[in-house]
Colleague: 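Below is the structure I would like to discuss, written out as structure tokens.
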Amino acid sequence: MKESLVRSVFSNVASNYDVMNDAMSMGIHRLWKDHFIRKMAPAPNAKLLDVAGGTGDIAQRFLEYQDTINSDTKESSVHMVDINPEMLAEGEKRFAGSRWTQDGRIGFTVGNAEKLDFVEDESFDVYSIAFGIRNCTHPDRVVKEAYRVLKPGGRFMCLEFSRVENPVLAQVYDLHSFYVIPKLGELIANDRKSYEYLVESIRKFPAQREFAQIIRDAGFTTIGQGYENLTFGTVAIHTGYKF
């Protein structure tokens, strides 16, 4: 049921997704994603599986990092996976004609994060999922699949909306989420209901400590608490290592 709902929602929002992200976060999502890649600090030649890759902004940042920081313009690569064909099509548009496409460093597959049948065991160095795991029916299964497809020494990294713990800031955040975001969806994308769903999905996702435990239960090792809060806990970066 949730899987079909998510497909419908993201089919509706695909063409306006990046514009709405800018509007909803006042552009801050770009800073979160930049920090996410800096924290990932991928090694030269790394192969990234970017799940719920959507419009490709994480994949692009990864490849730009490899090209500019690691001077790796040949060996590193990304494979993007998304359950929604319309979202993945937006990602393909982003990379159409790019040097990465021409060099075979970017690939695309429509697929379910809970069952990556087309991915071999221990075949990727890094697994990323940004603002996508809360839309999966069984996040624990997603994390277990991530563990399966990562090489020994590989890393699971998740960027996701989380819980603001300060009660005053939490009230402000709730006001923005439940009133401002759906209104923006109505004005910009002519789609209030899809953005109401997106807000509700944030509230239903496990809090930071609970999700960190799900990651450990899947077999990953975490360092410290296993996550880093950004913007007062509006989002968190979770990291797990496969040793």
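Computed from a prediction, not measured in an experiment: that's the story for all the values here. Reckoned from all heavy atoms, side chains included, excluding hydrogens, waters and symmetry mates.
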Colleague: Search all heavy atoms of T239 against all heavy atoms of T222 and return the closest pair with its distance.
Modeller: O-CG2, 3.5 Å

Colleague: Using links of under 4.5 Å between side-chain heavy atoms of ILVMFWY residues, direct or through other members, which residues join I223 in one cluster?
Modeller: Y241, F243

Colleague: Tell me whether F95 shares a hydrophobic cluster with V110, the cluster being built from Ile, Leu, Val, Met, Phe, Trp, Tyr side chains joined at under 4.5 Å.
Modeller: yes

Colleague: Could you give me the CA-CA distance, side-chain angles and deciding distance for Q208 and Q225, then say whether side chain to side chain contact (heavy atoms under 4.5 Å, CB included) is met?
Modeller: CA-CA 9 Å; Q208 290 95 313; Q225 63 185 3; over 6 Å; no

Colleague: When rounded to the nearest 0.5 angstrom, what is the spacing between OG1 in T55 and CG in D57?
Modeller: 4.5 Å

Colleague: Under a 4.5 Å side-chain heavy-atom rule over Ile, Leu, Val, Met, Phe, Trp and Tyr, are L31 and M40 clustered together?
Modeller: no

Colleague: Do D72 side-chain atoms and N45 backbone N/O form a donor-acceptor pair below 3.5 Å?
Modeller: yes

Colleague: After noting the C-alpha distance and the side-chain angles of R134 and K204, does the key distance pass the side chain to side chain contact (heavy atoms under 4.5 Å, CB included) rule?
Modeller: CA-CA 8 Å; R134 74 181 189 281; K204 292 177 180 178; over 6 Å; no

Colleague: Check whether T101 reaches the backbone of G97 with its side chain - one donor and one acceptor, N or O, closer than 3.5 Å.
Modeller: no

Colleague: Would a single hydrophobic cluster contain both F211 and Y227, if residues Ile, Leu, Val, Met, Phe, Trp and Tyr are joined by side-chain heavy-atom contacts under 4.5 Å?
Modeller: no

Colleague: Counting only heavy atoms from other residues, nucleotides and ligands, does the tally under 6.0 Å from NZ of K151 exceed 12?
Modeller: yes

Colleague: Which residues satisfy the side-chain contact (heavy atoms from CB on, under 4.5 Å) test with K242, sequence neighbours excluded?
Modeller: E122, Y147, L150, F220

Colleague: Parallel, tilted or perpendicular, judged at 30° and 60°: which one describes the rings of H79 and F118?
Modeller: tilted

Colleague: For E160 and G132, indicate whether the former's side chain and the latter's backbone hold a donor-acceptor pair under 3.5 Å.
Modeller: yes

Colleague: Tell me yes or no: between the side chains of D67 and T73, is some donor less than 3.5 Å from an acceptor?
Modeller: no

Colleague: With a 4.5 Å cut-off on side-chain heavy-atom distances among I, L, V, M, F, W and Y, is there a chain of contacts connecting I69 to V126?
Modeller: yes

Colleague: Output the distance between atom CE (M87) and atom CE (M80), rounded to the nearest 0.5 Å.
Modeller: 8.5 Å

Colleague: Would you say the side-chain atoms of D174 and Y179 include a donor-acceptor pair closer than 3.5 Å?
Modeller: no

Colleague: For S162 versus I202, what's the shortest heavy-atom pair and its separation?
Modeller: O-CG2, 4.4 Å

Colleague: Group every Ile, Leu, Val, Met, Phe, Trp and Tyr by side-chain heavy-atom contacts under 4.5 Å, then state whether L230 and V172 land in the same group.
Modeller: no

Colleague: The test is side chain to side chain contact (heavy atoms under 4.5 Å, CB included); show your working for I28 and V235 and say whether it passes.
Modeller: CA-CA 11 Å; I28 297 174; V235 302; over 6 Å; no

Colleague: Output yes when K47 and D125 qualify as a salt bridge under the 4.0 Å nitrogen-oxygen rule, no when they do not.
Modeller: no

Colleague: Answer whether the closest heavy-atom distance between the side chains of P206 and I214 falls below 4.5 Å.
Modeller: yes

Colleague: Do any N or O atoms from the side chain of N229 and from the backbone of F232 form a donor-acceptor pair under 3.5 angstrom?
Modeller: no

Colleague: Counting only N and O atoms by type, is there a donor-acceptor contact under 3.5 Å from the side chain of D82 to the main-chain atoms of G54?
Modeller: yes

Colleague: Relative to the ring of W32, is the ring of F131 parallel (under 30°), tilted (30 to 60°) or perpendicular (over 60°)?
Modeller: tilted

Colleague: Would you say the side chain of I58 lies within less than 4.5 Å of the side chain of I37, judging by non-hydrogen atoms?
Modeller: yes

Colleague: Looking just at side-chain N and O atoms, do E186 and N190 make a donor-acceptor pair shorter than 3.5 Å?
Modeller: no

Colleague: Test of understanding: with salt bridge (charged side-chain N to carboxylate O under 4.0 Å, His left out), list the residues that count as partners of R61, not counting sequence neighbours.
Modeller: D34

Colleague: Measure the spacing between OG of S98 and CD of E92 and express it to the nearest 0.5 Å.
Modeller: 11.5 Å

Colleague: How about R203 and F161: do any of their side-chain heavy atoms sit closer than 4.5 Å?
Modeller: no

Colleague: Just checking, is any N or O donor in the side chain of H35 or E228 under 3.5 Å from an acceptor N or O on the other one?
Modeller: yes

Colleague: Where do V143 and A218 come nearest, in terms of heavy atoms and distance?
Modeller: CG1-CB, 3.5 Å

Colleague: Provide the closest heavy-atom pair for R216 versus G224 in the form atom of the first, atom of the second, distance.
Modeller: NH1-O, 4.5 Å

Colleague: Mind listing the closest non-hydrogen atom pair of Y127 and A113 along with its distance?
Modeller: OH-CB, 4.4 Å

Colleague: Between S76 and R105, does any side-chain donor sit less than 3.5 Å from a side-chain acceptor?
Modeller: yes

Colleague: Verify the distance criterion only: is there a donor paired with an acceptor across the side chains of Q60 and R94 at less than 3.5 Å?
Modeller: yes

Colleague: Using every non-hydrogen atom in the two residues, find where P42 and N70 come nearest and quote the distance to one decimal.
Modeller: O-ND2, 2.8 Å

Colleague: How about CD on Q171, more than 12 heavy atoms from neighbouring residues, nucleotides or ligands closer than 6.0 Å, or not?
Modeller: no

Colleague: Once you round to the nearest 0.5 Å, how far does NE2 of H138 lie from NZ of K144?
Modeller: 10.5 Å

Colleague: Could you please spell out the steps behind the side chain to side chain contact (heavy atoms under 4.5 Å, CB included) verdict for V149 and D121?
Modeller: CA-CA 5 Å; V149 303; D121 294 357; 5.8 Å; no

Colleague: Are E145 and R148 ion-paired here, with the side-chain N under 4.0 Å from a carboxylate O?
Modeller: yes

